[in-house]
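Below: the structure, in structure tokens.
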Amino acid sequence: MKKMLYSLFGAFLIMSCSTSQETVATQTEATVKKDSVEQVNSQKPKLVVGIVVDQMRADYISRFWEKYGENGFKRMINNGYHLKNNHFNYVPTYTGPGHASVYTGTTPRNHGIIANNWFDKEIAEKVYCVGDNSVKAVGTNSKAGKMSPSRMKTTTFGDQNRLHTQFRGKTIGIAIKDRGAILPAGHTANAAYWFHGKDEGKFISSSFYQENLPNWVENFNQSGKAASYLKEWNTLYPIETYTESGKDKNTYEFGFDGKKDATFPYNLAELKNQNDNFDILKATAYGNDLTTDFAIAAIKGESLGKDNFTDVLTLSYSSTDYVGHNFGVNSKEVQDTYLRLDQDIARLLDTLDQEVGKGNYTVFLTADHGGINVPNYLKEHKIPAGYFSSSTLRKDLKEFLGNNYAATNLIANVSNNQVFFDYNALEEKNINAKDLETEIANFLLQQDGIYQVYTRSNMLNAGFTEKRAKLIQKGFNQKRSGDVIYVLDPAYVSYPSKGSTHGSALNYDTHVPLIFYGNGIKHGKTYKETHITDIAPTVSALLDIAFPNNATGDVLYEILKTTD
């Protein structure tokens with residue numbers, strides 16, 4: 001009996017030990033797997049910050065280099081990777097297409113954002129790239145909140161990150177401009193916020209993302225931060241040290257209503273009532289300060305970069321564009337805006353160090369387009385340049401069609417350097433579209449200020465190798481673009497005689513900065529030509545996620561650290 005009891009007890013001990021060992025082994029295996037997952041996740045950045053500086057020419061880096069501090073642009077370049085020959089590989093070089101292309105990794109040909117505004121052939125009306133009457137404004141009763149990314153046809157790398165992390169990784173978009181916040185954030189963003197000025201002076205959103213503003217946004221809007229910038233705008237440093245820009249008083253700048261000369265200083269508190277109140281901030285350096293303030297509030301309020309699932313913050317500095325349009329790229333105002341932006345970038349990086357941790361985040365900085373020197377300024381210095389009247393062209397084109405086709409209704413719209421046919425009118429008159437393309441192309445080539453002309457048939461059937469023609473073709477969307485495209489002479493613009501603009505395939509518009517900095521990024525520089533569409537695939541490779549669904553750019557593999 002005792003032997004039997006001992007045998008049963010021994011068997012029980014063996015079973016217990018075996019079970020215990022299996023339990024320990026299972027727990028150890030689970031721990032190893034958990035640690036492995038955390039180790040893999042920890043190798044990725046906890047936060048990716050994409051910075052787009054609206055209308056930043058590539059030469060602003062070198063032009064103002066000696067005046068920049070050590071902790072903004074210089075910190076990113078001295079410790080990151082500077083791609084010095086980075087270009088847009090399509091036209092038009094506008095804000096909407098630019099932001100969409102940075103984050104989708106493709107061109108308007110594929111993502112569908114062919115301009116800021118364009119003629120919609122299906123409804124025969126002009127549409128806005130992020131306008132959406134199906135959504136409600138959030139944070140305002142103004143129609144300024146009725147916006148969404150619905151017209152963008154492809155995904156962003158933020159969308160792919162959301163899908164990859166089962167929507168645990170956040171995406172937040174921020175800008176003064178609605179399109180600068182919405183298109184980068186993509187379709188699956190947790191939120192996009194943009195600044196509504198006028199009499200309100202606050203950041204708003206739309207019901208595409210959420211029904212109400214989060215508490216941290218409400219608190220920011222109620223803090224009086226926007227109102228605090230309605231003060232004097234003077235130069236950051238003594239104006240006589242701004243030797244990298246032209247004379248403060250000149251004939252090339254618009255300025256603000258209520259002030260005779262476009263010269264420093266500007267008393268914004270006194271000028272605001274004649275310049276749409278809070279909207280005046282958009283065209284000053286303080287608009288970038290306000291954007292940075294809000295971005296820092298978002299990093300803290302959304303706890304970005306605090307867990308093992310990568311978050312994405314898309315940040316667009318819009319005021320640089322407003323200042324450039326108002327004062328021109330050679331102005332003291334532009335120089336001051338960039339010297340102050342340098343400090344904003346330093347402040348943002350310091351916040352990321354504190355909130356996310358050094359080495360835990362990745363930042364890239366680029367632009368949505370460049371900008372041209374004021375043509376009147378170029379002409380004064382004997383450089384070929386000038387102005388083109390779009391309204392005169394419409395009038396002359398209508399007269400041409402009346403004389404040659406006995407019809408003035410064959411053209412539905414002329415905009416964005418494109419002519420759109422009215423196909424119903426062509427059918428009624430039994431006019432062949434290809435024949436009309438040729439006739440109008442020949443007419444346009446005879447007009448002063450027009451350099452080249454392409455037709456829809458060219459865009460669909462030709463395989464262009466010449467650089468400028470290739471750029472036009474990559475910006476041509478089969479469904480949304482027009483029937484005849486014309487290109488203005490170099491340094492000719494359809495714009496008022498003051499201030500700078502953009503949109504062309506020339507280097508002053510296509511050549512923009514590109515800097516990568518932080519987690520996973522090597523230190524170095526290159527003069528190899530790269531393209532704006534390479535950014536999204538590169539970030540996707542860094543995060544080891546699927547590329548945006550129609551990305552056509554290349555991975556900039558030489559800038560990425562590898563563990564192989």
Side-chain angles (χ1 to χ4, degrees), residues 54 94-96 99 113 115-118 120 123 125-152 172-187 189-230 256-258 268-269 271-284 286-291 293-295 297-298 301 314-319 321-323 325-326:
D54 207 322
Y94 296 146
T95 297
H99 283 80
I113 304 299
N116 295 334
N117 301 274
W118 66 85
D120 188 317
I123 60 175
E125 291 179 6
K126 265 202 165 185
V127 296
Y128 179 48
C129 61
V130 292
D132 189 346
N133 287 325
S134 71
V135 300
K136 297 182 296 184
V138 173
T140 180
N141 292 322
S142 167
K143 65 180 181 180
K146 295 174 75 64
M147 306 289 168
S148 85
S150 61
R151 288 192 168 91
M152 186 168 65
I172 303 292
I174 293 169
I176 291 287
K177 293 182 182 178
D178 45 27
R179 57 188 180 273
I182 292 168
L183 296 171
H187 302 279
N190 299 80
Y193 302 103
W194 53 96
F195 184 69
H196 178 50
K198 305 296 182 184
D199 295 328
E200 298 188 52
K202 58 185 180 180
F203 282 88
I204 63 172
S205 190
S206 87
S207 61
F208 180 86
Y209 307 100
Q210 55 200 348
E211 292 302 316
N212 298 290
L213 295 177
N215 287 337
W216 70 265
V217 178
E218 293 281 16
N219 291 339
F220 185 92
N221 285 337
Q222 295 168 14
S223 69
K225 181 62 72 172
S228 72
Y229 289 114
L230 292 172
F256 296 112
D257 290 342
L268 304 184
L271 295 171
K272 67 181 178 66
N273 291 335
Q274 297 180 68
N275 294 273
D276 291 327
N277 207 346
F278 283 103
D279 272 355
I280 196 172
L281 293 177
K282 296 178 180 180
T284 74
Y286 296 144
N288 294 328
D289 293 340
L290 182 63
T291 303
D293 295 336
F294 190 76
T314 74
L315 178 59
S316 179
Y317 284 107
S318 308
S319 289
D321 184 68
Y322 287 111
V323 173
H325 279 295
N326 195 357

Partner residues of Asp321 under the salt bridge (charged side-chain N to carboxylate O under 4.0 Å, His left out) criterion, sequence neighbours left out: Lys177

Contacts of Glu125 that satisfy side chain to side chain contact (heavy atoms under 4.5 Å, CB included) - sequence neighbours left out: Ile123

Side chain to side chain contact (heavy atoms under 4.5 Å, CB included) partners of Asn326, counting only residues at least two apart: Phe254, Phe256, Ala283

Non-neighbouring partners of Asp289 that pass salt bridge (charged side-chain N to carboxylate O under 4.0 Å, His left out), sequence neighbours left out: none

Partners passing salt bridge (charged side-chain N to carboxylate O under 4.0 Å, His left out) against Lys202 (at least two apart in sequence or in another chain): Glu200

Residue list, salt bridge (charged side-chain N to carboxylate O under 4.0 Å, His left out) with Asp257, at least two apart or on another chain: none

Asn273: partners by side chain to side chain contact (heavy atoms under 4.5 Å, CB included), with sequence neighbours left out: none

Ring pair (Phe, Tyr, Trp, His ring centres under 6.0 Å) against Phe195, all qualifying residues, sequence neighbours excluded: Phe203

For Ala185, side chain to side chain contact (heavy atoms under 4.5 Å, CB included) partners two or more places apart: Thr171, Ala189, Ala192, Thr314

Euclidean distance, Leu213 CG relative to Ile204 CD1, rounded to 0.5 Å: 8.5 Å

Salt bridge (Lys or Arg N to Asp or Glu O under 4.0 Å) contacts touching residues 140-152 (sequence neighbours left out): none

Selection residues 208-223 - residue pairs positive for salt bridge (Lys or Arg N to Asp or Glu O under 4.0 Å), sequence neighbours left out: Lys136-Glu211

Partners passing ring pair (Phe, Tyr, Trp, His ring centres under 6.0 Å) against Tyr193 (at least two apart in sequence or in another chain): Trp216, Phe294

